[in-house]
Amino acid sequence: MRVVRIPAEVRAALTGVSRPLGLVPTMGALHAGHLALIRRARDESAAVAVSVFVNPLQFGPNEDFERYPRAFDDDMVQLRDAGVDLVYAPDVTTMYPPGFATAVDPGPVGERYEGALRPGHFRGVATVCTKLFATIAPDRTYFGAKDAQQVAVLRRVVTDLDLGIELIVLPTVRESDGLALSSRNAYLDAEQRAAAPALHRALDAIVTAVRNGERNAQRAVERGRAELQTPMREVYLDVVDPRTFVPEPEIHAPALAIGSAWLGTTRLIDNEPIEATS
Ligand code: AMP
């Protein structure tokens, strides 16, 4: 496994690499969710690259960029064990040298929900991913369904900029009680951790209501809301079109139940697909 830190080293390392090349972008502090993406990339690609970069552009001024978990040495052990060929781990001034000014703006799909709560977040995500795609030139790239709006944004970017990269989305990996794995779960204390699965229960309740024939989003969401109790504080609970993130007052599968809630100073996000039934 090669670990490189600047674009020229990436290009040199990947000259003549076996194709197809799969890329898994991450912010490190790796967990089983990341490893599921890497395993799939390993299974179906001839070579695998993983990027590890905590991207300041996607954090707001009052967010957790400074305290975001960093576990570089442990990450490298896991990536080597997973059979990764190349790790790209640039530092911030390599990614954004003085004078850096270009941005990729994904438009309306990035403006609701997470985009409204975190102004500039998806522009930061779209910009860094476009840079990673340009540097690494993968044939396919792997993302988790956990960050569903990020997936919708990147589908737009890959399509609109004719990047010719296949975007592969894998299901959310969960703890046995339903909590979606996230590097930020490390922020939860014991009481918050015990309360955290309620968000997934709320989403499941929405999906069940729809499966039982409810088509009205407001009524389905109310079923979910009943699961959210103190200490959890709802930020949003809704049903959207998974491609555009436009809310669906009348639910037409395939749709997506999405939710976010505060536990103390940690904001959880999650989602569950509402599949079309035949
Ligand atoms: P991050 O390091 O949080 O930026 O995540 C890197 C990639 O891992 C993104 O595509 C995430 O959607 C994905 N990911 C994060 N958590 C999970 C999870 N619990 N299950 C599946 N994929 C995940």
Side-chain angles (χ1 to χ4, degrees), residues 22-43 48-60 63-65 67-72 74-76 78-79 82 84 87-90 92 95 106 110 113-114 118 121-133 136 138 140-158 165-188 193 196-197 199-200 203 242 245 256 258-260 266-273:
L23 167 65
V24 183
T26 81
M27 297 204 298
L30 301 177
H31 53 63
H34 299 111
L35 293 174
L37 301 179
I38 292 164
R39 206 172 308 119
R40 173 69 85 87
R42 180 72 283 166
D43 285 351
V48 177
V50 173
S51 59
V52 176
F53 180 63
V54 184
N55 175 31
L57 230 53
Q58 70 189 69
F59 288 77
E63 292 183 0
D64 56 343
F65 175 70
R67 71 169 184 140
Y68 192 84
R70 288 163 173 87
F72 192 79
D74 187 51
D75 289 348
M76 292 308 113
Q78 296 199 61
L79 293 174
V84 168
V87 177
Y88 178 39
V92 171
M95 191 60 93
Y113 303 102
E114 291 304 305
R118 308 182 70 186
H121 171 68
F122 286 121
R123 172 188 262 250
V125 168
T127 302
V128 80
C129 287
T130 302
K131 291 198 67 164
L132 293 170
F133 297 156
I136 296 169
R140 31 175 99 121
T141 181
Y142 296 80
F143 287 88
K146 156 91 182 356
D147 299 288
Q149 196 171 3
Q150 169 169 281
V151 167
V153 160
L154 292 173
R155 277 196 199 290
R156 239 342 343 129
V157 169
V158 165
I165 299 170
E166 188 185 358
L167 201 151
I168 295 166
V169 181
L170 296 193
T172 301
V173 177
R174 300 179 180 282
E175 303 281 7
S176 54
D177 60 9
L179 175 65
L181 297 193
S182 163
S183 307
R184 288 190 171 98
N185 292 350
Y187 300 151
L188 301 174
R193 174 63 190 81
L199 179 57
H200 181 240
L203 296 165
F245 268 67
L256 193 68
I258 59 169
S260 173
T266 304
R267 191 165 64 81
L268 304 180
I269 63 168
D270 202 349
N271 65 83
E272 267 296 319

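Note that these values count all heavy atoms, side chains included, but never hydrogens, waters or copies made by symmetry. Given the structure is predicted, the values throughout are model-derived calculations rather than measurements. One-based numbering, in listed order, for ligands and for the atoms of each.
- Residue contacts with ligand 1 do not include Ala32, since none of its heavy atoms lies under 4.0 Å from the ligand.
- Close contacts of ligand 1 with Phe143, meaning ligand atoms under 4.0 Å from a residue heavy atom, involve 10 (O).
- The shortest heavy-atom contact between Ser183 and Gly28 is OG-O, 3.8 Å.
- When the options Ser51, Cys129, Ala148, Gly144 are ranked by their closest heavy atom to atom 10 (O) of ligand 1, first place goes to Gly144.
- Asp147 OD2, 4.3 Å is the protein heavy atom nearest to atom 14 (N) of ligand 1.
- With Tyr187 as the aromatic partner, Arg67 meets the cation-pi criteria of under 6.0 angstrom to the ring centre and within 45 degrees of the ring axis.
- Within the 4.5 Å cutoff, no side-chain heavy atoms of Val24 are placed close to those of His34.
- Here the side chains of Asn185 and Leu268 are in contact, with some heavy-atom distance below 4.5 Å.
- Contact check on Arg155 versus Glu166 returns no salt bridge, with no Lys/Arg side-chain nitrogen under 4.0 Å from an Asp/Glu carboxylate oxygen.
- When heavy-atom distances to ligand 1 are checked against a 4.0 Å cut-off, Pro171 comes that close only through its backbone atoms N, CA, C and O.
- Using a non-hydrogen distance threshold of 4.0 Å, Thr172 registers as a contact of ligand 1.
- Heavy atoms of Pro25 approach ligand 1 to within less than 4.0 angstrom.
- Between the choices Met27, His34, Lys146, the shortest heavy-atom distance to atom 5 (O) of ligand 1 belongs to His34.
- Polar contact with ligand 1: absent for Ala180 (N/O pair, distance under 3.5 Å).
- Between Asp64 and Arg184 there is a salt bridge, with a side-chain nitrogen of the basic residue lying less than 4.0 Å from a carboxylate oxygen of the acidic one.
- Note on Arg267 versus Glu63: no salt bridge recorded, every NZ/NE/NH1/NH2 to OD/OE distance being 4.0 Å or above.
- Ligand 1 lies within reach of His31, whose nearest heavy atom is under 4.0 Å from it.
- Contacts between Ala29 and ligand 1, counted as non-hydrogen atom pairs separated by less than 4.0 Å, are absent for every part of the residue.
- At a heavy-atom cutoff of 4.0 Å, ligand 1 is contacted by the side chain of Leu37 but not by its backbone.
- Remark: Arg70 qualifies as a cation-pi partner of Phe65 under the 6.0 Å distance and 45° angle criteria applied to the six-membered ring.
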